Amino acid sequence: MVAWRMTLKTPEYPEGRDVIVISNDITYRIGSFGPQEDLLYLRASELARIQGIPRIYVAANSGARIGLAEEIRHMFHVSWEDPADPYKGFKYLYLTPQDYKKVSALNSVHCEHVEDEGESRYKITDIIGKEEGLGTENLRGSGMIAGESSLAYEEIITINLVTCRAIGIGAYLVRLGQRTIQVENSHIILTGAGALNKVSAFSH
């Protein structure tokens with residue numbers, strides 16, 4: 001996420017007009033929203049409201065970031081209900097004692113020790129990840145910036161430019177800002193409950 005304060009000068013307005021521009025950085029984690037991105041968006045939008053100047057949002061994103069704990073991803077095993085038929089589902093995910101020893105000091109996974117199928121296993125109960133911003137904290141941030149966008153629409157001029165795709169919270173921010181320019185072949189993809197999508201649906 002990046003933001004600028006710009007002075008735009010045109011023949012009609014030669015002295016210039018200040019605006020705040022907020023944009024996803026599609027080159028970083030495909031433009032997804034994590035806690036740092038949410039905070040930057042919030043502060044830039046607040047500044048636009050405080051100063052009473054237009055806010056332009058350039059949307060090119062993948063919605064809220066739901067990440068993977070890379071240190072765990074290649075280690076876990078599956079305890080199947082029926083190993084011969086995976087379609088019957090699984091009982092739990094687990095680590096071997098050797099792998100658990102490698103990652104336990106990182107505090108990125110919580111496990112409980114079990115004896116099952118004649119072997120010692122560490123049944124995974126929680127995956128936290130050693131990296132910040134992998135889970136539900138991103139959804140909390142989404143609510144925060146959605147509220148800010150609603151306030152901005154009420155108080156200042158808000159304009160959106162969808163240049164690529166806007167998914168999830170990125171699409172809702174566009175919807176909440178109301179005034180939208182959508183580049184041909186770009187997509188606004190609302191996610192979530194059907195009822196919420198129905199309330200937020202709009203033509204473009």
Side-chain angles (χ1 to χ4, degrees), residues 1-13 16-49 51 53-68 70 73 131-204:
M1 188 74 67
V2 289
W4 303 267
R5 181 191 173 110
M6 298 180 176
T7 302
L8 305 181
K9 296 183 179 182
T10 66
E12 297 79 12
Y13 214 99
R17 176 151 192 180
D18 289 346
V19 298
I20 295 290
V21 179
I22 308 169
S23 177
N24 301 104
D25 180 358
I26 198 74
T27 67
Y28 181 74
R29 299 193 175 187
I30 52 178
S32 58
F33 290 81
Q36 291 180 315
E37 289 80 9
D38 293 334
L39 188 59
L40 178 61
Y41 184 102
L42 176 74
R43 294 293 182 249
S45 184
E46 286 175 337
L47 180 63
R49 285 195 299 111
Q51 298 190 349
I53 59 178
R55 191 202 75 183
I56 301 170
Y57 170 47
V58 182
N61 62 75
S62 301
R65 184 178 308 140
I66 303 299
L68 295 170
E70 293 292 339
R73 188 159 66 110
E131 191 178 333
E132 175 68 25
L134 292 180
T136 55
E137 62 270 27
N138 298 330
L139 301 179
R140 183 176 63 241
S142 294
M144 176 181 70
I145 60 177
E148 168 57 33
S149 291
S150 292
L151 283 172
Y153 174 71
E154 292 295 327
E155 296 179 16
I156 57 175
I157 298 295
T158 56
I159 302 169
N160 308 292
L161 174 61
V162 181
T163 61
C164 179
R165 63 168 180 254
I167 299 174
I169 183 58
Y172 285 107
L173 294 175
V174 167
R175 175 65 185 98
L176 292 166
Q178 302 284 340
R179 305 167 194 90
T180 300
I181 301 164
Q182 187 174 359
V183 173
E184 191 174 358
N185 294 324
S186 64
H187 304 282
I188 300 172
I189 304 170
L190 298 164
T191 58
L196 187 57
N197 286 343
K198 194 175 288 185
V199 167
S200 297
F202 68 107
S203 58
H204 52 271

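The analysis underlying the following values was restricted to heavy atoms, covering all of them including side chains, and did not include hydrogens, waters or symmetry mates. Remember, it's a predicted structure, so these values are computed and weren't measured experimentally.
For the pair Glu37 and Arg65, the salt-bridge criterion is met [side-chain N within less than 4.0 Å of a carboxylate O].
Partner of Val58 under the side chain to side chain contact (heavy atoms under 4.5 Å, CB included) criterion, out of Ile26, Ile159, Thr163: Thr163 alone. None of Asn24, Thr158, Asn160 except one satisfies the side chain to side chain donor-acceptor pair (under 3.5 Å) rule with Tyr57; the exception is Asn24.
Ala60 and Cys164 get closest at one heavy-atom pair: CB-CB, 3.8 Å. Residue Tyr153 comes nearest to Gly177 through the heavy atom pair CD1-O, 3.7 Å, listed as atom of the first residue, atom of the second, then distance. Residue Ala166 comes nearest to Val174 through the heavy atom pair CB-CG2, 4.4 Å, listed as atom of the first residue, atom of the second, then distance. Among all heavy-atom pairs drawn from Val183 and Leu161, the shortest one is CG2-CD1, 4.1 Å.
Within a 6.0 Å sphere centred on CZ of Arg179, other residues, nucleotides and ligands contribute more than 12 heavy atoms.
By the 4.5 Å heavy-atom criterion applied to side chains, Phe33 and Asn61 are counted as neighbours. Proximity of Ser149 to Tyr172: side-chain heavy atoms (C-beta onward) are nowhere separated by under 4.5 Å. Residues Ser45 and Ile22 form a side-chain contact, since some pair of their non-hydrogen atoms from C-beta on lies under 4.5 Å apart.
For the atom pair Leu190 CG and Ile169 CD1, the distance stands at 10.5 Å (nearest 0.5 Å). To the nearest 0.5 Å, the span separating OG on Ser186 from CZ on Arg165 amounts to 11.5 Å. In this structure, CD1 in Ile167 is found 8.5 Å from OG1 in Thr191, a value given to the nearest 0.5 Å. The line from CG of Leu176 to CD of Glu154 is 10.5 Å long, rounded to the nearest 0.5 Å. Rounding to the nearest 0.5 angstrom, the gap separating the CD1 atom in Ile56 from the CG atom in Leu8 is 6.0 Å. Considering CD1 of Ile157 and CZ of Arg55, their distance stands at 11.5 Å, rounded to 0.5 Å.
Applying the side-chain contact (heavy atoms from CB on, under 4.5 Å) test to Leu151 and every residue at least two apart in sequence or in another chain returns Arg49, Glu148, Glu155.
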